[in-house]
Amino acid sequence: MAGGSSINVLEQFELHPVLGGLGEALRFSQSPLYMIMAVCVVLMFLYMGMRPAAVVPGRLQAAAEVCYEFIHNMAVDTIGPEGTAFFPFIFTLFFFILAGNYIGLLPFSFTFTSHIAVTFALAMMVFVLTVIVSLKVQGLRFFAHFMPEGASPFLAPLLIPIEILSFLSRPVSLSIRLFANMVAGHVMFDIFASFVIMLAGFGVVGDVFAVGPIAINVALMALELLVGVLQAYVFAILTCIYLREAVAH
Amino acid sequence: MSKNSDDSFDARLKAAERRSGLEQKEDLTEKEDAVEQSLPGLALRAGTEMLSALVVGVAIGWELDHWLKTRAVFLIIFALMGGGAGVLNVWRLVKSIDGK
């Protein structure tokens, strides 16, 4: 966090070894620790929710069922009947990112989705999957998509590389979107929080004005709660859209 | 009598399910629209689409130059093509919103 008059808003994204000597030896930073926590939270939620397996669900079970049905509907509505096969993947992706975004909003915690290495790895996973599915379903016809229909053959040397670049830019844009949103949100938190500390140095007048940045931070928290679920949703729905293109004949 | 009431219950249940199913679908499309139609969100999305294609183009050009020892020829070509691909991405994004 920022201290005194020097503000270092990017310090919160730095990785440090955790868990003492063992973490030091394994180069185990906060990022994998919080990933494991996110996975545990999601698993606990689903396990605790579904353990009663009651016909008339309780609150937690109803929540778990709503989550299941929401992603299931999204997968089947977007991809089509083949969506059922990809449902577990999309469910995992959505809740892993959502849990990561939300755990990152807790004070003193770390947001692993604010690292492009993590988001790019997730996006590459989606990209490689879509390419494999495309090649399996469409075979060599997959490569025909790189030539726009009705275009003059003379333009092919120009159009095909552009289409290929556009296709290759998908995982990059997917990862940059999630990463940029999370970084921007957390940097804004830090900036407004440091304003409070700076204003506290100006005596009573500063104390009065410091209410402003605190109010803004409260509003930002509401915005970040929205952004967290929205970005997880966008990641999942774009995965669905790419998979729909992959399974289309 | 009881069979009859069962039938009518099933029919009503079906109707209710269909209604709730429809409502869910409407919610989903509304959400999608909300994601894409908020102006700052759209601007950010268009920006990332454009930037990411340029990044991919520059990266490929850079690597090809490094590999083939042709200083900056492929970098120039692929940076231009990456820019073109970025415009194509933005055009597709805007077209998909207009088409809705």
Asker: Taking atom CE of Met48(A) as the centre, report whether more than 12 heavy atoms of other residues, nucleotides or ligands fall under 6.0 Å from it.
Answerer: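 Result for CE/Met48(A): open.
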Asker: Mind listing the closest non-hydrogen atom pair of Ala85(B) and Ile162(A) along with its distance?
Answerer: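 Scanning both residues, the minimum pair turns out to be CB-O, 3.5 Å.
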Asker: Nearest 0.5 Å please: distance from the CG atom of Asn89(B) over to the CG atom of Leu165(A).
Answerer: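 Answer rounded to 0.5 Å: 9.5 Å.
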Asker: For the atom pair CG (Asn181(A)) and CZ (Arg45(B)), what is the distance rounded to the nearest 0.5 Å?
Answerer: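 Asn181(A) atom CG to Arg45(B) atom CZ measures 11.5 Å (nearest 0.5 Å).
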Asker: Looking only at heavy atoms, what is the nearest atom pair of Pro157(A) and Met81(B), with distance?
Answerer: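 So the two residues come closest at O-CE, 4.3 Å.
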Asker: Name the region of Ile60(B), side chain, backbone, both or neither, that has any atom closer than 4.5 Å to a heavy atom of chain A.
Answerer: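 Answer is side chain: those atoms of Ile60(B) sit under 4.5 Å from chain A.
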Asker: May I ask you to check whether over 12 heavy atoms, not counting those of Leu140(A), lie within 6.0 Å of atom CG?
Answerer: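 No, because the 6.0 Å sphere around CG of Leu140(A) holds 12 heavy atoms or fewer from other groups.
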Asker: Heavy atoms only: give me the nearest Ser52(B)-Ser169(A) pair and the separation to one decimal.
Answerer: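 Shortest heavy-atom separation between Ser52(B) and Ser169(A) comes out as OG-O, 3.6 Å.
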